[in-house]
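Chain naming here is simple, since letters A, B, ... match the order of the sequence lines and numbering starts at 1 in each.
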Protein chains: 2
Amino acid sequence: MKALSRRQQAIYDFIARFLDDNDYPPTIRDIQRELGISSTSVVDYNLKVLEERAMIRRNRNISRGIEVLGRHTSRRNVISIPVIGQIAAGLPIPVPDDLALGDATDMVEIGSDIVGNAPRDLFALRVKGHSMVDALINDGDIVLLHAQETCENGETVAVWLKEQKETTLKRFYLEGDRVRLQPANVTMDPIYTTADNVAIQGKLVSVVRSIV
Amino acid sequence: MKALSRRQQAIYDFIARFLDDNDYPPTIRDIQRELGISSTSVVDYNLKVLEERAMIRRNRNISRGIEVLGRHTSRRNVISIPVIGQIAAGLPIPVPDDLALGDATDMVEIGSDIVGNAPRDLFALRVKGHSMVDALINDGDIVLLHAQETCENGETVAVWLKEQKETTLKRFYLEGDRVRLQPANVTMDPIYTTADNVAIQGKLVSVVRSIV
DNA sequence: ACTTGACACGAACATGTGTTCGTCCCTATA
DNA sequence: TATAGGGACGAACACATGTTCGTGTCAAGT
């Protein structure tokens, strides 16, 4: 396949740049003006070329109907998850009551391929302290949880131990009438307790660490 | 502040939904048609109300110039990073040669607040094996690296040990004429080697773990 | 020289779209 | 009852924007 002409490349780059700045696509005349092209028909012509090469999609007769393919078709696959509080060994997990929109002070954006196919009922907590290093989770990490009060055996869940008044993140196994909470670190011993002492707060979906 | 009327809420919701589906904002007449409103002026009127309440921004005289505030203004803060290969103890890191656009088989989307202020020269590798558990990094994790061949003392970097033919992820300290590579796990001993034996491949920026 | 194809021009043309205006229908309030 | 304000109508109006068409240029083949 022949390479794109300089002008075609410039047009493509401009559209991408424009999209980063504006939230809506450029018009043909925006492109024309920016690149100093003398006629809209020239832009139209080159846009058609770009479309044939599947680099963009055009929606006919719709103003600003240019979509950039290739790069992150974006938005669709990205989920915003509210960081509603902290998780620490000695504190109960804040309940994701009204995780409506925007009322969380902080948000985490992440691709949906990371968090799986459950965009709903997700919330995030910032880890405080080193109580979960055995689960390879560090102080300052952000854990993404799926709000649920039950789970399958073997899943890693955030549980509140009523008696000990303690939050912990462990693999959950129901064994007869007792519960085994298995640390991720295989060299550490599991905790055994009764089923009515544990309150499952959510299932671990993802961990995100940001290095300063 | 008074609540939004049912119609205003519907308009706001529709714009958000439209944006999810189309990559470009709706026109006033799109809104009119969808909600069965008889006149464009009604839409205009309600749009003005929404704008006064800072729920949207309108760009005057620009077609489809509606921007939804509040929710993830999206795109802007999200970065797509190519996963260009694997990182394992015994393998050299694949060089991010042509991390152009889209030629990577896999991409990771993540908010720019997580990866810091360096959107460029970022690449990602999937961790293979348990050689980095001491850095709280598990098998299957994705590490985000900033491509660079030098670093400051104390930064965590991916280095290739030429002599040992081995990749490792450690804190880097240049001490006189030798290099100390300090595992994140404080209970483990550091590695000492000569400066010309280490080739810095990139600086650790973030770690993302996806639980099945 | 002749043809062909990739590109570029410029000028209309036809809609797409935002804006404005006068009017009307309610409900709450004085 | 009179009045004011939120909200809705419908019809223009004006310009923003996509589309089309006839021409021109230039380099590569033939």
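When all heavy atoms of A:Lys170 and A:Leu181 are compared, the closest pair comes out as CD-O, 3.7 Å. Here the closest heavy-atom approach between residue B:Ala54 and residue B:Leu69 is recorded as O-CD1, 3.6 Å.
Residues meeting the side chain to side chain donor-acceptor pair (under 3.5 Å) test with B:Gln32, sequence neighbours left out: none.
Rounded to an integer number of Å, the gap from CD1 of B:Ile11 to P of D:dA8 is 8 Å. What separates CG of A:Leu47 from C1' of D:dT17 is a distance of 13 Å, to the nearest Å. B:Leu35 places its CG atom 16 Å from the C1' atom of D:dC9, with the value rounded to the nearest Å. At whole-Å resolution of the value, CD in B:Glu52 and P in D:dG5 are 15 Å apart.
At D:dA8, none of the side-chain N or O atoms of B:Arg6 fall inside 4.0 Å of OP1 or OP2 (strictly under the cut-off). An OP1 or OP2 oxygen of D:dA8 is reached within less than 4.0 angstrom by a side-chain nitrogen or oxygen of B:Arg7.
A donor atom on one side chain and an acceptor atom on the other are not found under 3.5 Å apart for B:Ser41 and B:Asp44. B:Glu67 and B:Asn59 are linked by a side-chain donor-acceptor pair at a separation below 3.5 angstrom, with hydrogens and angles left out of the test.
Relative to the axis of its first five pairs, the axis of the last five pairs of the helix from C:dA1-D:dT30 to C:dA30-D:dT1 sits at 10°, rounded to 10 degrees.
As judged by a 4.0 angstrom heavy-atom cut-off over every strand, A:Gln8 is placed among residues touching the sugar-phosphate backbone only.
A donor-acceptor pair under 3.5 Å links the side-chain atoms of A:Arg64 to the main chain of B:Ser63, judged by distance alone.
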Heavy atoms under 4.0 Å is the rule here; annotate nucleotides 14-24 of chain C 5' to 3' with B where the base is hit, S where only the sugar-phosphate is, and - elsewhere.
--SBBBBB---
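Atom CZ of B:Arg58 has more than 12 heavy atoms from other residues, nucleotides or ligands within 6.0 Å.
Summarising the geometry, atom CG belonging to B:Leu144 is positioned 4.0 Å from atom CD1 belonging to B:Ile81; distances are rounded to the nearest 0.5 Å.
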